[in-house]
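One structure is given here, and the rest of the page talks about it.
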Amino acid sequence: MLALDSDEPCVLLTDHVDALADFWSKALHLAVGDADSDRAELVDDGRRVQLIVRRVMPPRPQSRIRLSAFDTQDLAAAVERLIAFGASSPRTPYPSTPGHAVVIDPDGNTVEITATVGSDD
C-alpha cells in the first residue's frame, strides 16, 4: 500500500483534471470528493482531502510527489501497479539505492517511492 509523505494535501497542476484524478484515485485507493472541470479533491475513507488536482493552462510546472511503501515487497508491487495504471519508468533508475524507486505519472510528474521498514520486528 502507498501513502503520501505529507500531512497536508498534495496539489497537482494539470490540463487533464479528470484523467489525472482517475490515475491518482486508483494509485492511492482514494475516492473523488468535490470535483468539477477545473478541480478534483481526492479523499480518504475519513473524507480527509489527501490530494487536489487543479486545472492550469500550459505551460505548467512539473511536480514531485513523495510516497511511502510499507516494505520493499510493497515497493516493487507499487511500481508495477503504477505502471499498469499509466505511469512510466525513467530511463535511468533513480537513485540506484535499495528501497527507493521513481516513476513518472501520466502527466509527467516525478513520483518518488521509498520503502518504509516497520520497527516492530
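The two residues Pro106 and Gly86 come nearest to each other via the heavy atoms CG-O, 3.6 Å. Phe23 and Phe85 make their closest contact through CD1-O, 3.5 Å (heavy atoms, listed as atom of the first residue, atom of the second, distance).
Between the NE2 atom in His100 and the CD1 atom in Ile113 there is a gap of 11.5 Å [rounded to 0.5 Å]. Expressed to the nearest 0.5 Å, how far OG of Ser25 lies from CG of Leu20 amounts to 11.0 Å.
The shortest distance between side-chain heavy atoms of Ser89 and Ile83 falls below 4.5 Å.
Among the candidates Val111, Thr110, Val102, Asn109, the single residue satisfying the side chain to side chain contact (heavy atoms under 4.5 Å, CB included) test with Arg64 is Thr110.
With sequence neighbours left out, Asp22 forms a side chain to side chain donor-acceptor pair (under 3.5 Å) with Lys26. Under the salt bridge (Lys or Arg N to Asp or Glu O under 4.0 Å) criterion, Arg39 pairs with Glu41, sequence neighbours left out. Every side chain to side chain donor-acceptor pair (under 3.5 Å) that Asp38 has, sequence neighbours left out, goes to Arg55.
Atom CG of Asp36 has more than 12 neighbouring heavy atoms from other residues, nucleotides or ligands inside a 6.0 Å radius.
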Would you be so kind as to tabulate the donor-acceptor pairs closer than 3.5 Å made by side chains of residues 8-17, with sequence neighbours excluded?
residue	atom	partner	partner atom	Å
Thr14	OG1	His16	N	2.9
Thr14	OG1	Asp107	OD1	3.3
Thr14	OG1	Asp107	OD2	2.7

Using residues 46-54 as the side-chain source, report each donor-acceptor pair under 3.5 Å to any protein atom, sequence neighbours left out, with the distance given to one decimal.
residue	atom	partner	partner atom	Å
Arg48	NH2	Asp7	O	2.2
Gln50	NE2	Asp44	OD2	3.0

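Follow the hydrophobic side-chain contacts under 4.5 Å out from Trp24 and you never reach Val43; the two are in separate clusters.
Hydrophobic cluster of Met57: no remaining members, since no ILVMFWY side chain lies below 4.5 Å from it. Annotation for Ile104: hydrophobic cluster partners, listed by chain and number, are none (ILVMFWY side-chain heavy atoms under 4.5 Å, direct or chained).
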TODO: Report the C-alpha distance between Leu42 and Val32 in whole Å, list the side-chain angles of each, state the deciding distance to 0.1 Å, and finish with yes or no for side-chain contact (heavy atoms from CB on, under 4.5 Å).
DONE: CA-CA 5 Å; Leu42 301 181; Val32 176; 3.6 Å; yes

